Amino acid sequence: TSGLGQRLSEFVGVKASDGESVWIVRPGQNMEKFRYSGELTQEGVTEFIAGWRAGTLEKTLKSAEVPDYNDDPVKIVVGKNFEDVVMNNDKYVLLEFYAPWCGHCKKLAPIWDDLGEEFEANDSIVIGKIDATANDFEAHAEVRGFPTLLFYPA
């Protein structure tokens, strides 16, 4: 795939290695995506669509892999650990949503690292960052530009 098809599949989170697949994508502010994971049969796809209409399907979230090592002063947050690191804990979290290609984000990076070092010894505060181009997250954040900095209270 190339051109518009490639950009759309990257945006949705579809990889060529996924092979043939069926997706339902609901565009909007919090674009929702649902991926059919069963055997491609008429009955299976019909049940998938019925589940979507009934609102019983789980959303498919794009996520980088959770890092094996995450003990740096600035914690790496990805789609798969967003809930645990940001939402379901008893810590204050200051999170940077960034894009790797963003010039403002690159300029902020050393300052953000310094901030992480400043608060590293404080067990009640997490300074984190998430690549918002490679990870989806539930509607706990509205990211309209980069960088976006959000505070999540304990």
Side-chain angles (χ1 to χ4, degrees), residues 1 4-19 21-38 48 51-154:
T1 304
L4 179 59
Q6 180 178 358
R7 289 194 307 272
L8 178 60
S9 42
E10 287 172 358
F11 183 69
V12 172
V14 178
K15 300 178 191 89
S17 60
D18 291 338
S21 58
V22 175
W23 289 74
I24 295 175
V25 179
R26 182 182 303 168
Q29 187 172 349
N30 295 317
M31 182 174 66
E32 295 177 332
K33 300 173 286 191
F34 306 87
R35 181 176 187 219
Y36 175 68
S37 59
F48 172 66
W52 174 72
R53 286 184 173 150
T56 58
L57 296 181
E58 279 196 39
K59 297 175 194 167
T60 302
L61 299 176
K62 176 174 62 170
S63 179
E65 291 304 314
V66 175
D68 293 330
Y69 177 82
N70 204 7
D71 290 331
D72 288 334
V74 175
K75 304 302 178 213
I76 304 298
V77 179
V78 297
K80 291 178 182 176
N81 71 359
F82 188 94
E83 292 293 320
D84 292 334
V85 174
V86 178
M87 304 306 298
N88 299 331
N89 70 44
D90 57 353
K91 298 180 181 187
Y92 296 95
V93 179
L94 185 57
L95 188 62
E96 174 197 11
F97 295 82
Y98 73 95
W101 45 261
C102 167
H104 296 296
C105 300
K106 290 176 183 177
K107 188 172 182 179
L108 177 63
I111 298 165
W112 202 251
D113 289 340
D114 289 346
L115 183 66
E117 290 173 11
E118 185 71 28
F119 285 95
E120 185 174 21
N122 189 326
D123 290 338
S124 64
I125 298 175
V126 173
I127 306 298
K129 64 181 181 178
I130 182 169
D131 178 350
T133 66
N135 296 281
D136 291 334
F137 33 86
E138 290 292 338
H140 303 298
E142 187 173 320
V143 177
R144 293 186 182 194
F146 301 110
T148 294
L149 307 177
L150 294 177
F151 176 74
Y152 296 88

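All figures in this text were calculated on a predicted structure; none of them were measured in a lab.
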Hey, can you tell me if [X] and [Y] have their rings parallel, tilted or perpendicular (30° and 60° cut-offs)?
X	Y	result
Y152	F82	perpendicular
Y92	F151	parallel
W52	F34	perpendicular

A side-chain contact here means heavy atoms from C-beta on lying under 4.5 Å apart; do P147 and K129 qualify?
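No, every pair of side-chain atoms sits at 4.5 Å or beyond.
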Below 4.5 Å, heavy atoms only, C-beta onward: do V86 and L150 meet side chain to side chain?
no
Has the side chain of [X] got a donor or acceptor atom that lies under 3.5 Å from a matching backbone atom of [Y]?
X	Y	value
N70	K75	no
S63	V78	no
N135	G79	yes
D72	V74	no
N89	V85	yes
W112	G128	yes

List the steps and the verdict of side-chain contact (heavy atoms from CB on, under 4.5 Å) for T133 and F146.
CA-CA 10 Å; T133 66; F146 301 110; 4.3 Å; yes
Could you please spell out the steps behind the side-chain contact (heavy atoms from CB on, under 4.5 Å) verdict for L149 and L108?
CA-CA 11 Å; L149 307 177; L108 177 63; 4.0 Å; yes
Interatomic distance, Y36 atom OH to T60 atom OG1 [nearest 0.5 angstrom]:
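Rounded to the nearest 0.5 Å, the OH-OG1 separation comes to 13.5 Å.
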Less than 4.0 Å between a side-chain N and a carboxylate O, is that true for D136 and K33?
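Salt bridge present between K33 and D136.
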Are more than 12 heavy atoms from other residues, nucleotides or ligands located less than 6.0 Å from atom CD of E118?
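No, CD of E118 has 12 or fewer neighbouring heavy atoms, counting only those of other groups under 6.0 Å.
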So which atom in I76 and which in P67 form the shortest heavy-atom distance, rounded to 0.1 Å?
CB-CG, 3.8 Å
Return the minimal non-hydrogen interatomic distance between P73 and E117, and the atom names on each side.
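Minimum heavy-atom separation between P73 and E117: CB-N, 3.6 Å.
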Checking T148, I130, I127 against L95 for side chain to side chain contact (heavy atoms under 4.5 Å, CB included), the one that qualifies is I130
Give the intermediate values and the outcome of side-chain contact (heavy atoms from CB on, under 4.5 Å) for residues F97 and F137.
CA-CA 11 Å; F97 295 82; F137 33 86; 3.6 Å; yes
Set out, in order, the CA-CA distance, both residues' side-chain angles and the distance that settles side-chain contact (heavy atoms from CB on, under 4.5 Å) for V77 and V126, then state yes or no.
CA-CA 11 Å; V77 179; V126 173; over 6 Å; no
